[in-house]
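Encoded as structure tokens, the structure appears first; notes follow it.
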There are 2 protein chains.
Amino acid sequence: MQNIVAETLKRSQLSVTDSRKKILEYFHHSKGALAHADIERLSGEQFDRVTIYRTLQTFVEKGIIHSIPTSDNSIRYALCKDDCAEGHHHDNHIHFVCDVCGTTFCLDHVTIPNVQLPAGFKSKQTDVIVSGICGKCGNI
Amino acid sequence: MQNIVAETLKRSQLSVTDSRKKILEYFHHSKGALAHADIERLSGEQFDRVTIYRTLQTFVEKGIIHSIPTSDNSIRYALCKDDCAEGHHHDNHIHFVCDVCGTTFCLDHVTIPNVQLPAGFKSKQTDVIVSGICGKCGNI
DNA sequence: TTTTATTTTGCAACTTTGTTGCAAAGTGCT
DNA sequence: AGCACTTTGCAACAAAGTTGCAAAATAAAA
């Protein structure tokens, strides 16, 4: 894990620091998406709030993570797939938010259906957010 | 317009007040979605920030407006269609955000494609956010 | 129409969330 | 190890959102 994390950072031309390693590890260990507050909690206040903000921002710029649209006011982030590089993000994402446990899943293997837009509208990116009950919570 | 607005409020068992009437009118006049800040600006600080927060919250609860997921951290709201009632929102929404003018359109007449979920996942609501260039900005 | 009960508003104070500048510490390179 | 450069943490600030409560507005009743 340490290696994957360090390599990712180097590949993105970022210096390998404690905070970046730790925060990136959180994303690798997490099944779902993470918000700023989650990371603050996970790290036990080890890092300054500002550092976390800046790290997340850097990761987004470098194409390591992407932000997920939410209805409540919390930005959540998830790891990008390997072929997401700087300035070359995936154009389509599908996310599933579980109403019970609150986990946000990034469904990489689901294809996004094509949407028929009104005349004159040009689509560049499509985000789908499905909410409901996830596999785990449905079996309780 | 006055009538539609007042009737909507009464139908939702809300007392008809200046702020509610004005704010609901803004939604009827606006082609796109509105954020808290938009309403504050439109009203020229006529109403307290707190009143606007509470009014929007009430409208969401009563099924008069709904919130739209966004990638940036700003909650935006749009009018619900007529058959949205308290506790009985539409299950599906499709929104288009123009990258040029920033307007968020609520595309009511576009059908939402069905999404194939992993086994065990149950979908309750689907939100689609398409971003790109709207008809107006594409013709400049 | 006036009175009364209930709801809504505005204010003040506060919490949470996000941003910026800058000195100190850490990283990468020779 | 020493030097250039990047990143971090602190402090101060700005913006966004929340809560309690008294005053004002609305709705309903007399």
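- With Arg20(A) contributing its side chain and Ser15(A) its backbone, the two residues share a donor-acceptor pair below 3.5 Å.
- Taking every heavy atom of both residues into account, Asp72(B) and Arg76(B) meet most closely at OD2-NH1, 4.3 Å.
- Computed from coordinates, the Ile52(B) CD1 to dC11(C) P distance equals 12 Å when rounded to whole Å.
- Remark: the backbone N or O of Ala35(A) is paired with a side-chain donor or acceptor of Asp38(A) at under 3.5 angstrom.
- Atoms CD1 (Ile75(B)) and P (dG18(C)) sit 12 Å apart, rounded to a whole Å.
- Per the geometry, CZ belonging to Arg49(A) stands 13 Å off P belonging to dA11(D), to the nearest Å.
- At whole-Å resolution of the value, NE2 in His36(B) and C1' in dA15(D) are 12 Å apart.
- Cluster membership check: Ile52(B) shares its hydrophobic cluster with Val16(B), using side-chain heavy-atom separations under 4.5 Å among Ile, Leu, Val, Met, Phe, Trp and Tyr.
- Between His66(B) and His93(B), the angle of the ring planes stays under 30°, which puts this pair in the parallel group of the 30/60° scheme.
- When the P atom of dG9(D) is taken as reference, atom CD of Glu45(A) falls 12 Å away, rounded to whole Å.
- Tyr53(A) has its OH atom 15 Å from the C1' atom of dA12(D), to the nearest Å.
- Annotation: the terminal axes of the helix from dT1(C)-dA30(D) to dT30(C)-dA1(D) meet at 40°, where each axis is the rotation carrying the C1' atoms of four end pairs onto the next four (5 pairs per end, rounded to 10°).
- Here dT9(C) presents its P atom at 13 Å from CD1 of Ile39(B), a figure rounded to the nearest Å.
- Between Asn73(B) and dA16(D) there is no side-chain N or O to OP1 or OP2 distance below 4.0 Å.
- Residue Lys21(B) contributes atom NZ, which lies 14 Å from atom C1' of dA27(D) at whole-angstrom precision.
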Grab the N/O contacts between the protein and nucleotides 6-8 of chain D below 3.5 Å, and write none if there aren't any.
residue, atom, partner, partner atom, Å
dT6(D), O3', Ser15(A), OG, 3.4
dT7(D), OP1, Ser15(A), OG, 3.4
dT7(D), OP1, Arg20(A), NH1, 2.8
dT7(D), OP1, Arg20(A), NH2, 2.9
dT7(D), O5', Arg20(A), NH2, 3.2
dT8(D), OP1, Thr17(A), OG1, 3.0
dT8(D), OP1, Ser19(A), OG, 2.3

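- For Gln116(A) and Asn114(A), the side-chain atoms include no donor-acceptor pair closer than 3.5 Å.
- Nearest heavy atoms, Tyr26(A) versus Ser43(A): OH-CA, 3.2 Å.
- Listed by chain and residue number, nothing satisfies the side chain to side chain donor-acceptor pair (under 3.5 Å) test with Lys10(B) (two or more places apart in sequence, or in another chain).
- Aromatic ring pairs are classed by plane angle as parallel below 30°, tilted from 30° to 60° and perpendicular above 60°; the pair Tyr53(B) and His36(B) is parallel.
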